[in-house]
Novice: 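Pasting in a structure now, in structure tokens, and then I'll have a few things to ask.
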Amino acid sequence: MNNSKKVPTTVSLENYGIKHNTIHYQLSPSRLHEITLEKNMGKEASSGALAVNTGEFTGRSPMDRFIVRDKITENQVWWGDINIPFEPSKFDALYDKVIGYVSDKELYVRDCYACADANYRMNIRVINEYPWSNMFAYNMFIRPTNEELKNFEPEWTVINAPGFMADAEIDGTRQHNFAILNFTRKIALIGGTGYTGEIKKGIFSALNFILPVQKNTLPMHCSANVGKKGDTAIFFGLSGTGKTTLSTDANRKLIGDDEHGWNNENAVFNFEGGCYAKVINLSAEQEPEIYGAIKKGAILENVIMNDAGMVDFENTSITQNTRVSYPIYHIENIKQPSLGENPKNIFFLTADAFGVLPPISKLTPSQAAYHFISGYTAKVAGTEAGVKEPIPSFSACFGAPFMPLHPTKYAEMLSKKMQDAGVNVWLVNTGWTGGPYGVGTRMKLKYTRAMINAVLNGDLGLYNYNDYHIHSVFGVAQPRSCPGVPTEVLSPRTTWNDDDAYYKTAFKLSNAFRENFEQFEEYASEEIRRGGPQRYAF
Ligand code: ATP
Ligand code: MN
């Protein structure tokens with residue numbers, strides 16, 4: 001026993017060039033909560049959760065996200081507006097500046113890891129300027145046991161200095177904030193922004209490169225859960241389409257709410273150890289599990305509270321993107337470890353603000369590939385200036401900002417895996433019904449859940465041609481009935497009460513699909529191209 005190692009209580013950061021500072025290593029979330037209050041950097045909500053303001057940035061800043069162009073990335077990354085190159089020498093210089101900045105500060109250091117599947121595990125060291133950002137890392141990454149900490153060797157390091165402001169002209173950034181990935185040095189360098197999502201999405205982006213390139217494994221921007229019979233379902237979708245909301249289901253065990261891998265051993269595994277839910281308009285009635293997860297240990301971001309610490313979830317005066325992070329064990333019904341078998345059903349979630357896509361429809365393999373590459377959702381214009389037109393938004397693989405490789409790389413892998421596993425793919429419109437944004441209303445969460453449950457329980461078979469209707473514009477199979485959902489809701493055209501306006505809008509969206517797809521035309525097979533909607537000239 002005399003050579004048994006002790007659980008470390010601190011670490012040296014000298015090999016990062018960090019000297020002369022106070023290091024708070026692996027503090028408990030309750031200690032970080034306390035320190036945040038002591039330093040006046042946050043408040044305690046009546047629920048016991050910690051509430052912080054992330055500062056200037058309340059969301060990610062995709063235009064300030066760079067990848068160092070080096071031997072590893074040069075010929076692999078799909079360079080452009082999404083993956084913006086950064087020169088290695090500029091990185092080294094900026095790194096030294098950030099290190100200089102943090103060296104006279106107290107630092108919060110956490111060792112943790114990503115990927116619930118041991119074969120893909122990535123050890124991470126997170127070095128934070130702020131205590132609450134370190135608590136976020138506790139919530140969101142996977143927590144090593146004490147035993148694992150004894151021999152912990154970090155592979156990637158996140159250096160997170162929200163208070164450091166870059167000088168764009170000298171440092172090679174666009175402005176004062178930045179999130180830069182360096183695959184040679186295995187560092188995610190984040191400065192000038194306190195938005196915590198940059199921390200988790202930095203590691204996600206790194207995995208989205210490493211897994212397919214080095215491990216032939218598919219990373220996915222999706223949530224996942226598993227039913228009583230061990231049937232896994234995964235939900236792809238862009239921000240706000242319902243990944244977190246719909247995967248958090250009292251009747252199914254949650255695997256994870258945002259980032260997963262699909263390995264070659266027939267399993268889906270979570271990258272993370274926690275959830276990061278939107279809390280705009282959150283209610284205990286509609287989303288009891290998420291509401292209940294907001295307790296001591298959770299971190300609320302950019303919410304407004306009254307003097308008694310009651311959160312006003314309807315208040316968007318700081319941002320629409322109010323959030324809460326919590327460790328996954330704040331949800332009762334979870335799968336441990338966060339792994340599931342090959343999915344039986346895949347849902348593509350889209351918040352169609354044109355209100356023309358059916359609330360649920362089944363896709364053929366060609367349509368599935370087409371929709372995956374397209375990654376459609378819609379953005380709604382700000383409400384201040386009255387009702388405006390919704391804007392179609394396409395983001396390849398339902399997560400282009402985090403995908404360093406060309407979208408077809410991920411699409412090919414997904415298509416193959418879907419085929420091998422014999423998965424059913426469904427397109428779910430969690431957006432508007434009865435007309436476009438401004439006229440219609442958001443699809444009732446109750447109905448979306450009923451449709452998804454019907455699929456998962458096998459009640460939406462679509463075996464006979466009279467079980468479904470092929471949509472004349474989008475070509476998808478629209479069920480004629482579904483338990484728990486009024487029949488008319490299943491047909492978007494019927495909910496409009498104006499065929500003319502409906503088809504005009506549907507063709508507007510189908511043309512937007514086709515226009516967006518032009519950039520992928522040369523890579524896509526005839527079969528995939530056939531999965532697209534009809535074109536209509538007007
Ligand atoms: P992100 O990638 O940013 O985490 P997400 O896909 O996880 O986004 P959610 O956090 O689930 O998105 O957000 C969906 C939001 O839409 C929630 O606020 C939810 O309450 C609301 N909502 C309203 N109607 C529906 C519906 N029919 N289906 C799903 N969500 C709905
Ligand atoms: Mn989410």
Side-chain angles (χ1 to χ4, degrees), residues 58-60 62 139-140 195-198 200-201 204-205 220-225 234-249 254-260 270-272 274-291 293-294 301-303 313-314 316 319-326 328 331 347-353 355 357-360 375-380 393 395 397-403 426-434 437 440-453 482 484-485 489-490 492 495:
T58 58
R60 285 178 305 100
N139 285 354
M140 296 307 299
Y195 185 62
T196 53
E198 299 278 12
K200 78 174 216 117
K201 284 302 200 295
F204 184 44
S205 302
M220 307 177 290
H221 185 217
C222 70
S223 60
N225 65 20
I234 61 179
F235 307 76
F236 285 93
L238 290 160
S239 186
T241 58
K243 290 185 300 301
T244 300
T245 301
L246 296 168
S247 60
T248 311
D249 176 338
L254 179 66
I255 298 175
D257 83 324
D258 200 50
E259 310 168 0
H260 293 81
N270 193 358
F271 291 171
E272 302 181 283
C275 303
Y276 193 39
K278 282 179 175 288
V279 295
I280 181 173
N281 300 328
L282 183 74
S283 73
E285 297 74 41
Q286 296 275 324
E287 298 177 66
E289 293 81 17
I290 294 175
Y291 194 91
I294 305 177
E301 296 179 6
N302 305 313
V303 295
F313 289 112
E314 264 136 59
T316 56
T319 175
Q320 298 261 340
N321 189 31
T322 52
R323 292 270 178 175
V324 63
S325 69
Y326 45 85
I328 195 161
I331 298 292
F347 297 93
F348 291 164
L349 308 175
T350 178
D352 173 27
L357 286 175
I360 189 154
Y376 165 68
T377 195
K379 289 202 172 118
V380 291
S393 161
S395 180
C397 312
F398 296 104
F402 327 117
M403 302 295 170
W426 309 84
L427 182 65
V428 177
N429 175 10
T430 65
W432 273 255
T433 179
Y437 174 78
T441 53
R442 184 102 190 240
M443 185 64 56
K444 282 200 170 81
L445 181 54
K446 187 172 81 174
Y447 293 158
T448 301
R449 283 200 196 277
M451 292 178 236
I452 286 172
N453 282 332
C482 173
V485 184
V489 171
L490 297 170
T495 66

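Remember, it's 1-based here, ligands and their atoms both numbered in the order they're listed.
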Novice: Please confirm if an N, O or S atom belonging to Ser239, backbone or side chain, lies less than 2.8 Å from the Mn ion (ligand 2).
Specialist: no

Novice: Going by the order shown, which atoms of ligand 1 are within less than 4.0 Å of some heavy atom of Asp258?
Specialist: 2 (O)

Novice: Measure from the side-chain N and O atoms of Thr430 to the backbone N and O of Gly242, and report whether any donor-acceptor pair falls under 3.5 Å.
Specialist: no

Novice: Does Asn270 reach the main-chain N or O of His260 with its side chain, forming a donor-acceptor pair under 3.5 Å?
Specialist: no

Novice: Do me a favour and list the nearest non-hydrogen protein atom to atom 20 (O) of ligand 1 with residue, atom name and distance?
Specialist: Glu287 OE2, 2.6 Å

Novice: Could you give the distance from CE (Met140) to NZ (Lys200), rounded to the nearest 0.5 Å?
Specialist: 4.5 Å

Novice: Pull out every atom of ligand 1 sitting under 4.0 Å from any heavy atom of Leu238, numbered as shown with elements.
Specialist: 6 (O)

Novice: Do Phe236 and Phe347 have their ring centres less than 6.0 Å from each other?
Specialist: no

Novice: After noting the C-alpha distance and the side-chain angles of Phe402 and His221, does the key distance pass the ring-ring contact (aromatic ring centres under 6.0 Å, His included) rule?
Specialist: CA-CA 9 Å; Phe402 327 117; His221 185 217; 5.1 Å; yes

Novice: Does the N or O separation between Gly242 and ligand 1 drop below 3.5 Å for any pair?
Specialist: yes

Novice: Measuring from Asn139:CG to Cys275:SG, what's the distance to the nearest 0.5 Å?
Specialist: 10.0 Å

Novice: Distance under 4.0 Å to a non-hydrogen atom of Thr241: what atoms of ligand 1 satisfy this?
Specialist: 6 (O), 12 (O)

Novice: Could you check atom 2 (O) of ligand 1 against the protein and tell me its nearest heavy-atom contact, residue, atom and distance included?
Specialist: Lys243 NZ, 2.7 Å

Novice: Is any N or O atom of Asp257, backbone or side chain, closer than 3.5 Å to an N or O atom of ligand 1?
Specialist: no

Novice: Tell me the protein heavy atom at minimum distance from atom 4 (O) of ligand 1, and give that distance in Å.
Specialist: Arg323 NH1, 3.1 Å

Novice: Within a distance under 4.0 Å of any heavy atom of Lys444, pick out the atoms of ligand 1 and give their elements.
Specialist: 27 (N)

Novice: What residue and atom, counting heavy atoms only, is the protein's closest point to atom 18 (O) of ligand 1, and at what distance?
Specialist: Ile280 O, 3.8 Å

Novice: What part of Thr245, side chain, backbone, both or neither, has a heavy atom within less than 4.0 angstrom of ligand 1?
Specialist: both

Novice: At under 4.0 Å between heavy atoms, which part of Leu349 makes contact with ligand 1: side chain, backbone, both or neither?
Specialist: neither

Novice: Would you confirm whether Arg60, through its side chain, and Gly197, through its main-chain N or O, come within 3.5 Å as a donor-acceptor pair?
Specialist: no

Novice: Taking atom 8 (O) of ligand 1 as the point of reference, which of Ser223, Pro359, Gly240 owns the nearest heavy atom?
Specialist: Gly240

Novice: What atoms of ligand 1 come closer than 4.0 angstrom to any heavy atom of Lys278?
Specialist: 3 (O), 10 (O), 13 (O)

Novice: Please determine if Met443 has a nitrogen or oxygen closer than 3.5 Å to a nitrogen or oxygen of ligand 1.
Specialist: yes

Novice: In the structure I gave you, are the side-chain heavy atoms of Asp258 and Lys243 within less than 4.5 Å of one another anywhere?
Specialist: yes

Novice: Show the numbers, then the answer: is there a side-chain contact (heavy atoms from CB on, under 4.5 Å) between Arg323 and Asn302?
Specialist: CA-CA 7 Å; Arg323 292 270 178 175; Asn302 305 313; over 6 Å; no

Novice: Donor-acceptor pair, Asp352 side chain versus Gly431 backbone, under 3.5 Å?
Specialist: no

Novice: For Leu445 and Glu287, work out which heavy atoms get closest and say how close.
Specialist: CD2-CG, 3.9 Å

Novice: Using heavy atoms and a 4.0 Å limit, tell me yes or no: is Asn281 in contact with ligand 1?
Specialist: no

Novice: Can you tell me which residue and heavy atom of the protein come closest to atom 29 (C) of ligand 1, and the distance to 0.1 Å?
Specialist: Leu445 CD1, 3.7 Å

Novice: Which of the atoms in ligand 1, numbered in the order shown and given with their element, are less than 4.0 Å from a heavy-atom of Ser239?
Specialist: 1 (P), 2 (O), 3 (O), 8 (O)

Novice: State whether the side chain of Asp257 and the backbone N or O of Tyr276 hold a donor-acceptor pair below 3.5 Å, judged by distance alone.
Specialist: yes

Novice: Which residue supplies the protein heavy atom nearest to atom 30 (N) of ligand 1, what is that atom called, and how far is it?
Specialist: Arg442 NH2, 3.8 Å

